[in-house]
Amino acid sequence: MSGEGLLVLLTVAALEALLSGDNAMVLAVMVKPLPPALRARALFYGLLGAYLLRGLALLFAVFLIRVWWIQVLGGLYLVYLMVQHLRQEGEEKAPPQLGAAEFWRIVLLMNLVDLAFAVDSILAVVAFSRDLLLVFLGVALGILFVRLAAGWMVALMERHPRLEKVAYLLVGWAGVKLLLEGVGSYAELAHLGFVPHMPKAFFFAVTLAILGVGVAYALREDA
């Protein structure tokens, strides 16, 4: 591989990891209800599914923008997760008792939400480079980083339980972003006069604010 090819590979991997950073928090929240022994297994199957779906998404990137409804459904589901957690907070929770059907349901939902997150990141990396092999390798590295980050976040929430509320707030905020992106994609396809749009700078600013204030509060309470 030439030096230029290596630079493209690393840049695409970094771009994928940055654009999917909120995805890591979502995955951590989704696998946390599973027993500890099954979390790594769920993330592994989610990793395989992500590679398959991202590969297909790269091949059909031109048509990916037309599946706006996946972003809308993904965003609504993430907002639902946040609302459900905040509503049940303080209630006594029984230890997870999840069977095989529930395990595979979570794996399937992980992959569907991951596909919703893939829309903007795939379009960005395809625009960056037309070499599909390099793009796919870069995306594969980026997905691996996100999965490793998700496992680390689960362990962090286990060590500091108050961080779980922060995680769900971030998941809900990511859901709002996905929802607006899906509605915006539909508005563009339908040639509507008004296209909802959330500036990335605003999204990251609010994300950092939630993360900073939430982490400071959680660590102070734990101390």
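Only a predicted model underlies this, so the values are computations on that prediction, with no experimental measurement involved.
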Residue pairs, two or more places apart or on separate chains, that pass side-chain hydrogen bond (donor to acceptor under 3.5 Å, both in side chains) and touch residues 201-213 |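 The answer is W173-T207.
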Can you pull the side-chain hydrogen bond (donor to acceptor under 3.5 Å, both in side chains) pairs that have at least one residue in residues 108-119, sequence neighbours excluded?
->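 Non-adjacent pairs meeting side-chain hydrogen bond (donor to acceptor under 3.5 Å, both in side chains): N23-D114, R54-D114.
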How far does [atom1] of [X] sit from [atom2] of [Y], to the nearest 0.5 angstrom?
{"X": "M25", "Y": "I210", "atom1": "CE", "atom2": "CD1", "value": "10.5 Å"}
{"X": "I70", "Y": "S185", "atom1": "CD1", "atom2": "OG", "value": "11.0 Å"}
{"X": "K32", "Y": "R39", "atom1": "NZ", "atom2": "CZ", "value": "6.0 Å"}
{"X": "L43", "Y": "L48", "atom1": "CG", "atom2": "CG", "value": "11.0 Å"}
{"X": "H191", "Y": "L189", "atom1": "NE2", "atom2": "CG", "value": "7.5 Å"}
{"X": "L81", "Y": "M30", "atom1": "CG", "atom2": "CE", "value": "6.5 Å"}

Please name all residues satisfying ring-ring contact (aromatic ring centres under 6.0 Å, His included) with Y168, sequence neighbours left out, ordered by chain then number.
->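 Listed in chain order: H85.
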Excluding sequence neighbours, so at least two apart, what forms ring-ring contact (aromatic ring centres under 6.0 Å, His included) with Y45?
->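 Y45 satisfies ring-ring contact (aromatic ring centres under 6.0 Å, His included) with W104 only.
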Using the ring of F103 (Phe, Tyr or Trp, six-membered ring only), decide whether R41 places NZ or CZ under 6.0 Å from its centre and within 45 degrees of its axis.
->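 Positive - R41 is close enough to the ring of F103 and near enough to its axis.
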What pair of heavy atoms forms the shortest contact from [X] to [Y], and how long is it?
{"X": "V31", "Y": "A42", "answer": "CG1-CB, 4.2 Å"}
{"X": "V72", "Y": "V183", "answer": "CG2-N, 3.9 Å"}
{"X": "M198", "Y": "V176", "answer": "CE-CG1, 4.0 Å"}
{"X": "R147", "Y": "G46", "answer": "NH2-O, 3.2 Å"}
{"X": "M157", "Y": "V29", "answer": "CE-N, 4.3 Å"}
{"X": "A28", "Y": "A150", "answer": "CB-O, 3.6 Å"}

Close side-chain approach of L78 to M82, heavy-atom, < 4.5 Å = no
When clusters are formed by joining ILVMFWY residues with side-chain heavy atoms under 4.5 Å apart, either directly or through shared neighbours, do [X] and [Y] land in the same one?
{"X": "L163", "Y": "V213", "result": "no"}
{"X": "V171", "Y": "F204", "result": "yes"}
{"X": "L178", "Y": "F202", "result": "yes"}
{"X": "W152", "Y": "F44", "result": "yes"}
{"X": "L86", "Y": "L170", "result": "yes"}

Could you go step by step and tell me if Y217 and V166 meet the side chain to side chain contact (heavy atoms under 4.5 Å, CB included) rule?
-> CA-CA 9 Å; Y217 170 77; V166 182; over 6 Å; no
A37: side-chain contact (heavy atoms from CB on, under 4.5 Å) partners, not counting sequence neighbours | none
For Y51, check side-chain hydrogen bond (donor to acceptor under 3.5 Å, both in side chains) against everything at least two apart and list the hits.
-> none
With M110 as reference, evaluate L112, I106, V113 under the side-chain contact (heavy atoms from CB on, under 4.5 Å) test and give the passing residue.
->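 With M110 as partner, side-chain contact (heavy atoms from CB on, under 4.5 Å) holds for just one option, I106.
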